[in-house]
Structures are given as structure tokens and as C-alpha cells.
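Shown next, in C-alpha cells, is the structure this report addresses.
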Amino acid sequence: MKVGDHVRFLSDTGGGVIAGFQKGNIVLVEDEDGFQIPTPANEVVVVQQDDYSMGKMISEKIDEQEKAAEHAQTELKDNSRSVKAILADGMDDLEEDEPEDPSQREITYQRPAEERKGGNKLSAYLAFVPEDAKDITNTDLKVYFINDSNYYLQYACALPEGNSWNLKSQGEVEPNTKVLLEKIPHSAVNTLTKVAFQLFAYKRDKAFVLKPAVDVVLRIEPVKFYKLHTFTENLFFDDPAMLLTIVENDETEKPLDLDPKKLKKELYKEAARKVRADETPSKGDAQSKKIRTKDDGTIVVDLHASSLLETTAGMNSADILHYQVDYFKSVMEANKKKHGQQIVFIHGKGEGVLRQAVIHELNYRYKNCRYQDASFQEYGYGATLVTIK
């Protein structure tokens, strides 16, 4: 069924024209008075759109024409009018009386945008839906843009290329709808690391509250495409999908992505929380959660926020970063005169911001120290070994 089809009811008299569709397999049938009647799709049937009645009328006209021609031939001797004139008159009458073909009419109906309660705050998502949910590691993926708000959204989607971006898709998405952006083969998911979205929101034919333009870069971890728990049940698809938030309830979450220059600037801002050198954990605290000493004398310091802080409530990403860097400096200051001392700083892999901050301090504040990646077997990729000179 499609918008514009003529249908009749199976369980009742009457029918109308399909004006639109709703969730739950509901069809909106508009009767001749202009009322839209929500009806289950299995209770209506599509009927011919006046094709039969129109053909019947044309046949009747042709019969009339043939009869007129025969009558003209019989009366040719008594009348000066020619058979051609009679046929011409008959054809003119046929063209004037022939009804308009409904299939040739221009479609002017436009389904009004549906609004929902609570939809006046912007929410939009990027969705990855596997074609075969039972074979996640091999199946292709469909990529959707979801507009979960009462606003029309003009969007632009771009992918990175070196230090620049390439426009991948752009267009308009109606309120509370989703649009398929593309289908990507599973072999290409490893190339997906970032995607940028810019959104502009508005309403049509009514007043609305202005929304700020959205400009966000989403980070994508390709390894998630190989994990079953990544694809979860959701409100937008019948199948499990992986959803990335572009904006939710008018708020966007921008990842911490500092380049070296910005990082250097951030490092020298006044930290919200400071760790003084004299607060370096003592030997009695060596078995604490954040610092320990190995049998060979190597000091191991865990710089993860969960180890350094009892809670991060009220702290943003920059506050936490400042605290971690200050703690690193306090340990270095307490041991900078212990020549040959080795210290392992566990900073984790993550986005690499904390590691960059540690390397920056070693290059500019502790140039007399040597550093290298710590043992991968013991610490993985997320640790740096420092040797005091």
C-alpha cells in the first residue's frame, strides 16, 4: 500500500484514500469528508482507482460514435452533412465529456509532520544495524540517521581524510523519523574511526524555539563491531543496533581531544585540585591502591582517576587531568635525586591524552630522565617506564 491508493474496509462499509501510515501497522484512511480514520492494515483492501469505470465510459462513448456513424451513412442521401462532420462532432463530444484520468493528476497531498510529547528537545543518533544479527563478525551494516525530535533537521555528515573532511551525506530529515545513510561492507568497518555531524533545527508552518546549531565529532571504536553486546535492543529498530549519540535532550557530549598546543596550555592552567610534593605517598603507603614497590625496587604508580580519587563528583575532564599530572609531578619531585631509580607510571591507553601530558612533562621539566614504554607483558600498552638519571 502507498499514499494515494483507494481502499475499502473489509469489516465495514465505505472506504477512502490512504493519507499516511502510523506505527503498529496502522493505515490512515481519509474519507470523502476529509476525516482520517486510523485502521489496521489487515482490515482494508486496495481497489482499482476508477480504471474499470473509466474504461466502461470510454467503451460506451465508442459505441455511441459507431452508432452515430452508421446513422450518418443511412441519412447521407437526405442530409447535406457529411459522415466526416458527424464523426468530428462525435469525437469533439467524446473529448469534452471524457472524465479526467485520476492517475494523471498531480499529487499535492503532503502528510503533516507528527509531533510527540516531550519531543521539543533535540535528540539525534547515528545507528549501525547489522543485516544478519546472528553473524555479527561477517555481516554488512546499515547506517541510519535518527531524528528523535519534533523538529525538522538539516544535517551534514562528513568523514576524515588526513587533516581535512569529506562530505559523505547531507539532507533534511522529518520529525520523529529515520533515514538510511548508506550500507557498508563489514570489511570496511575498521576504517571507521571518526564521523562529524552538523545539524540545523527548525519547524514549518508554526512558531518554534530556536535551537543552537550542533557541531560534533563522534569517535568510533571499530573493535566494538565485533562484540555482540555492542548491539542492543532499542526503540527505533526491531533488530539490535549500536547507537551513537549526536545530541540528546538539547545536549551534546564532545570528546576530550586536545592537540599538543592545547594540551600545553591546559597543563599550566590553575588546577582545581593540587597535590603537593610533600603529599607523595610514604613507604608505609607502598601497598596502597595507587602506588607500590616491586621486589627489584621499581616504583609502580597507577595514575587512573579511580585509583587516585575516591570520587570524581563535581570534576570535569580537565580537572581530572590536572590532578593526574600534578600527582605525576609530585612522585617525580620526591624521587628526582634517587639516581637509577625506576618508576612505572600506568596511564592507560584510552584517548592518549594523559600519556601525552606525561611525555610533555618528561621532555620539558625532567629532561635528565630517560623514558620508554613499560613491559607490554606486565602493563599492556598503557604504561611508561621512567629512569632517574
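All values below were derived from every heavy atom in this structure, side-chain atoms included, with hydrogens, water molecules and symmetry-related copies excluded. Note that the numbering runs from 1 along the sequence shown for the chain.
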Can you find a heavy atom in the side chain of [X] that is under 4.5 Å from one in the side chain of [Y]?
X	Y	result
K338	I343	no
Y366	K329	yes
L385	Q342	yes
D373	R355	yes
S123	N249	yes
N147	E174	no
L141	P130	yes
L199	F145	yes

Drop me the distance from [X]'s [atom1] to [Y]'s [atom2], to the nearest 0.5 angstrom.
X	Y	atom1	atom2	answer
M1	F21	CE	CZ	7.5 Å
Q36	Q22	CD	CD	8.5 Å
N368	L362	CG	CG	10.0 Å
R292	T298	CZ	OG1	9.5 Å
K389	R370	NZ	CZ	4.0 Å
S187	N138	OG	CG	10.5 Å

[X] [atom1]: over 12 foreign heavy atoms closer than 6.0 Å:
X	atom1	result
E161	CD	no
D296	CG	yes
D33	CG	yes
K121	NZ	no
D135	CG	yes

Do you reckon [X] sits in the same ILVMFWY cluster as [Y], going by side-chain contacts under 4.5 Å, direct or chained?
X	Y	result
Y379	F345	no
Y144	V189	no
V344	V325	no
F128	L180	no
F200	L153	yes

Could you tell me which non-hydrogen atom of [X] sits nearest to which non-hydrogen atom of [Y], and how far apart they are?
X	Y	result
A127	I146	CB-CD1, 3.8 Å
P38	I26	CB-CG2, 3.8 Å
K224	T230	O-OG1, 2.9 Å
E115	N150	CA-OD1, 3.3 Å
R116	D148	NH2-O, 2.6 Å
E172	Y155	N-CE2, 4.3 Å

L181 and K168: side chain to side chain contact (heavy atoms under 4.5 Å, CB included), yes or no, with the steps? CA-CA 9 Å; L181 298 182; K168 189 65 177 178; over 6 Å; no
For the residue pair N335 / Q341, report whether a side-chain donor-acceptor contact shorter than 3.5 Å exists. no
- Under 3.5 Å, is there a donor-acceptor pair linking the side chains of N363 and Y371? yes
Check the pair F225, I220 against side chain to side chain contact (heavy atoms under 4.5 Å, CB included), reporting the backbone distance first and the verdict last.
-> CA-CA 10 Å; F225 292 111; I220 302 174; 3.7 Å; yes
Examine distances only and state if a side-chain atom of [X] and a backbone atom of [Y] form a donor-acceptor pair shorter than 3.5 Å.
X	Y	answer
K211	N120	yes
S306	H304	no
H322	A318	yes
H6	V17	no

Original post:
In terms of ring plane angle, is the pair Y323 and Y327 parallel, tilted or perpendicular, where the classes change at 30° and 60°?
Top reply: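 Geometry flag for Y327 against Y323: parallel rings.
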How are the rings of F208 and Y151 set relative to one another: parallel (under 30°), tilted (30 to 60°) or perpendicular (over 60°)?
perpendicular
V358 and L303: side chain to side chain contact (heavy atoms under 4.5 Å, CB included), yes or no, with the steps? CA-CA 10 Å; V358 169; L303 294 179; 4.1 Å; yes
K178 charged N/C atom sitting above F237 aromatic ring, 6.0 Å / 45°
yes
* Does the ring centre of Y125 sit less than 6.0 Å away from the ring centre of F236? ->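 So the answer is yes for these two rings.
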Point to revise | For F35, all residues meeting ring pair (Phe, Tyr, Trp, His ring centres under 6.0 Å), sequence neighbours excluded | key: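 Applying ring pair (Phe, Tyr, Trp, His ring centres under 6.0 Å) to F35 gives none.
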Can you check side chain to side chain contact (heavy atoms under 4.5 Å, CB included) on R365 and M332, steps first, answer last?
CA-CA 10 Å; R365 189 181 296 271; M332 290 297 296; over 6 Å; no
- request: Answer yes when D239 and K134 have at least one side-chain N-carboxylate O distance shorter than 4.0 Å, and no when they do not.
  value: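 Looking at D239 and K134, the cut-off is not met.
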